[in-house]
Novice: 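Sending over a structure as structure tokens; questions will come in a sec.
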Amino acid sequence: MSNYTENDILIALDNCTAYNFFLDLEHGYFHTAGSRINLYADENRWAIVFEKSGFGNRSGRAEVELNYYGNCLHNLDKAGSNNIYTCNAKYFTLITGEEFEKIEGDFELISKDAKVVNVRDIELPIEQDNQKYIIKGIEIQDFDNPDNLIDYQSLVRYLDETNSEIFRATNRELRTSIPNDLPFLMKIDTWHHKSYSEYGGDKPSTYETFKLIAKVLVNKNTENWKPTLEPNNNWRNWPEAGTL
């Protein structure tokens with residue numbers, strides 16, 4: 001038996017306070033592209049690492065954001081006035097601001113002459129055919145875009161879907177704030193999600209997704225992951241992302 005309970009995990013997930021962030025798929029400053037939940041556990045320790053990739057319209061980078069929950073976290077940053085809070089978020093760059101500047105044709109729009117973009121030191125081809133984006137349901141920015149150029153967030157979303165693993169956190173990144181010897185149980189790429197923050201929303205403990213995740217962790221049995229709710233974590237279901 002584990003030395004922690006399902007209720008322990010759900011209480012921790014519900015404890016969303018200043019700088020203790022729950023996964024936000026519709027953050028106004030972030031154009032979400034991909035997302036994943038990573039689960040780790042042994043008899044005494046458990047951890048959940050949320051991840052999302054996308055384009056930060058304030059940071060000017062494509063990045064992966066990780067949010068950590070668990071009873072064995074370390075290496076978390078201090079935040080807030082006089083560093084009175086502990087922040088459960090870590091950020092890792094996928095495409096630097098300098099790299100975007102190299103391929104920019106107009107403000108946050110890709111030059112028609114740009115052929116490749118550097119992602120994690122890997123050169124990926126830039127798709128310039130707008131129809132390829134439309135087929136995937138990626139809407140090219142239509143305002144202040146008379147030449148119908150590909151915008152930054154659309155490029156990131158397209159590349160995330162066509163090169164998804166490059167845009168996911170590496171094992172080294174995931175383990176930034178959890179022990180290296182904590183066993184990995186499973187990754188979850190599709191699930192039913194609801195918004196939640198310190199300002200309100202649906203607590204994770206109130207719906208199936210996180211009750212099942214808690215059961216997986218306590219029993220260390222991935223067969224307990226048998227969701228019945230329709231997955232909705234795809235960025236297309238969160239249209240307000242990046243709109244501030």
Side-chain angles (χ1 to χ4, degrees), residues 21 23-38 49-67 89-174 176 187 189-190 193 232-244:
F21 302 112
L23 176 65
D24 186 355
L25 297 175
E26 206 164 33
H27 195 287
Y29 294 156
F30 196 85
H31 295 272
T32 305
S35 54
R36 175 176 282 174
I37 300 175
N38 304 275
V49 187
F50 295 106
E51 62 175 291
K52 69 175 180 180
S53 61
F55 173 68
N57 59 11
R58 290 297 181 270
S59 69
R61 304 186 300 267
E63 55 192 7
V64 175
E65 176 183 341
L66 304 181
N67 301 122
K90 294 285 186 179
Y91 303 87
F92 298 92
T93 300
L94 297 167
I95 305 174
T96 66
E98 292 76 14
E99 182 67 14
F100 275 121
E101 289 177 4
K102 292 179 184 178
I103 61 175
E104 188 174 49
D106 202 343
F107 179 69
E108 295 190 353
L109 298 171
I110 307 299
S111 168
K112 282 290 186 183
D113 297 324
K115 304 300 183 184
V116 297
V117 61
N118 190 296
V119 184
R120 293 189 185 272
D121 295 325
I122 299 171
E123 285 196 341
L124 296 180
I126 295 173
E127 178 57 66
Q128 293 282 5
D129 184 352
N130 290 36
Q131 283 301 121
K132 299 286 184 65
Y133 293 81
I134 293 171
I135 289 171
K136 289 184 173 295
I138 300 172
E139 297 182 4
I140 304 300
Q141 174 182 311
D142 57 3
F143 61 90
D144 294 332
N145 189 10
D147 296 322
N148 205 26
L149 301 177
I150 306 301
D151 55 84
Y152 285 6
Q153 59 266 26
S154 292
L155 176 65
V156 172
R157 284 171 169 166
Y158 186 89
L159 290 176
D160 186 287
E161 294 205 358
T162 55
N163 305 268
S164 60
E165 285 307 308
I166 297 176
F167 282 75
R168 298 296 170 268
T170 66
N171 181 63
R172 181 177 180 180
E173 290 165 349
L174 289 166
T176 299
K187 62 184 178 182
D189 285 316
T190 60
H193 196 76
N232 68 346
N233 62 298
N234 187 283
W235 63 267
R236 294 169 179 81
N237 296 313
W238 305 87
E240 298 302 312
T243 57
L244 288 181

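Reckoned from all heavy atoms, side chains included, excluding hydrogens, waters and symmetry mates.
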Novice: Decide side chain to side chain contact (heavy atoms under 4.5 Å, CB included) for Glu139 and Ile134; before the verdict, give the C-alpha distance in whole Å, the side-chain angles of both, and the deciding distance to 0.1 Å.
Specialist: CA-CA 6 Å; Glu139 297 182 4; Ile134 293 171; over 6 Å; no
Novice: Could you tell me whether the side chains of Glu104 and Tyr152 share a donor-acceptor contact shorter than 3.5 Å?
Specialist: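 Their side chains do contain a donor-acceptor pair, which is all the 3.5 Å distance test asks for.
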Novice: Do Arg168 and Ser53 come close enough that some side-chain heavy atom pair is under 4.5 Å?
Specialist: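 A side-chain contact under 4.5 Å exists here.
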Novice: Sub-3.5 Å donor-acceptor pair from the side chain of Asn118 to the main-chain atoms of Asp121, do we have one?
Specialist: yes
Novice: Judged by modelled atom types alone, do Asn38 and Glu51 share a side-chain donor-acceptor pair under 3.5 Å?
Specialist: yes
Novice: Between the side chains of Glu65 and Asn67, does any donor sit under 3.5 Å from an acceptor?
Specialist: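 Distance-only check passes for Glu65 and Asn67.
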Novice: Looking only at the aromatic ring of each residue, does the gap between the centers of Phe55 and Phe100 stay below 6.0 angstrom?
Specialist: yes
Novice: Checking side chain to side chain contact (heavy atoms under 4.5 Å, CB included) for the pair Asp147/Lys112: CA distance, chi angles, key distance, verdict?
Specialist: CA-CA 9 Å; Asp147 296 322; Lys112 282 290 186 183; 5.9 Å; no
Novice: For atom CZ of Arg172, is the number of surrounding heavy atoms from other residues, nucleotides or ligands below 6.0 Å larger than 12?
Specialist: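 No, the 6.0 Å shell around CZ holds no more than 12 heavy atoms from other groups.
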Novice: Is any NZ, NE, NH1 or NH2 atom of the basic residue among Glu99 and Lys102 found under 4.0 Å from an Asp or Glu carboxylate oxygen of the other?
Specialist: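 Yes, charged N to carboxylate O under 4.0 Å.
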Novice: Find the distance between CG (Asn57) and CG (Leu244) and round it off to the nearest 0.5 Å.
Specialist: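 Asn57 atom CG to Leu244 atom CG measures 7.5 Å (nearest 0.5 Å).
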Novice: Do the non-hydrogen side-chain atoms of Val64 and Tyr91 ever get within less than 4.5 Å of each other?
Specialist: no
Novice: The test is side chain to side chain contact (heavy atoms under 4.5 Å, CB included); show your working for Thr176 and Leu66 and say whether it passes.
Specialist: CA-CA 10 Å; Thr176 299; Leu66 304 181; 5.5 Å; no
Novice: Under a 3.5 Å cutoff, is there a donor and acceptor pairing between the side chains of Gln153 and Trp235?
Specialist: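 Result is no, nothing qualifies.
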Novice: Within the 4.5 Å heavy-atom criterion, are Leu94 and Arg120 side-chain neighbours or not?
Specialist: yes
Novice: Please check: side-chain N/O of Thr93 versus main-chain N/O of Ile95, any donor-acceptor pairing under 3.5 Å?
Specialist: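 Flag not set: sc Thr93 to bb Ile95 has no pair under 3.5 Å.
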Novice: For Asp151, does its backbone N or O pair with a side-chain atom of Gln141 as donor and acceptor, under 3.5 Å?
Specialist: no
Novice: So does Ala241 get a backbone contact from the side chain of Tyr29, meaning a donor-acceptor N/O pair under 3.5 Å?
Specialist: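 Side chain of Tyr29 to backbone of Ala241: no pair is present.
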Novice: For the residue pair Leu23 and His193, establish whether any side-chain heavy-atom pair is separated by less than 4.5 Å.
Specialist: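 Yes, at least one pair of side-chain atoms sits under 4.5 Å.
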Novice: Would you find a donor on one side and an acceptor on the other, under 3.5 Å apart, between the side chain of Asn233 and the backbone of Asp189?
Specialist: yes
Novice: Hey, is the main chain of Leu149 close enough, under 3.5 Å, to the side chain of Asn145 for a donor-acceptor pair?
Specialist: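 Present.
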Novice: Calculate, to the nearest 0.5 Å, the distance between atoms NZ and CG belonging to Lys187 and Leu174 respectively.
Specialist: 10.5 Å
Novice: Taking the basic N atoms (NZ, or NE/NH1/NH2) and the acidic carboxylate oxygens, is any pair closer than 4.0 Å for Glu98 and Arg61?
Specialist: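 Result for this pair is no, no salt bridge flagged.
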Novice: For Arg157 and Tyr133: C-alpha separation, side-chain torsions, deciding distance, then whether side chain to side chain contact (heavy atoms under 4.5 Å, CB included) applies.
Specialist: CA-CA 9 Å; Arg157 284 171 169 166; Tyr133 293 81; over 6 Å; no
Novice: Using modelled atom types only, decide if a donor and an acceptor are shared between the side chain of His27 and the backbone of Glu240 within a distance under 3.5 Å.
Specialist: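 Checking the backbone N and O of Glu240 against the side chain of His27, no donor-acceptor pair under 3.5 Å is found.
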Novice: Quick check against the 3.5 Å criterion: does Ser154 have a side-chain atom that pairs as donor or acceptor with the backbone of Ile150?
Specialist: no
Novice: May I ask you to test the Trp238-Thr32 pair for a side-chain heavy-atom distance under 4.5 Å?
Specialist: no
Novice: Using a strict cut-off of less than 4.0 Å between a Lys/Arg side-chain nitrogen and an Asp/Glu carboxylate oxygen, indicate whether Asp24 and Lys52 qualify as a salt bridge.
Specialist: no
Novice: Rounded to the nearest 0.5 Å, what's the gap from CD1 on Ile166 to CG on Leu124? Could you check?
Specialist: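 One gets 4.5 Å once the value is rounded to the nearest 0.5 Å.
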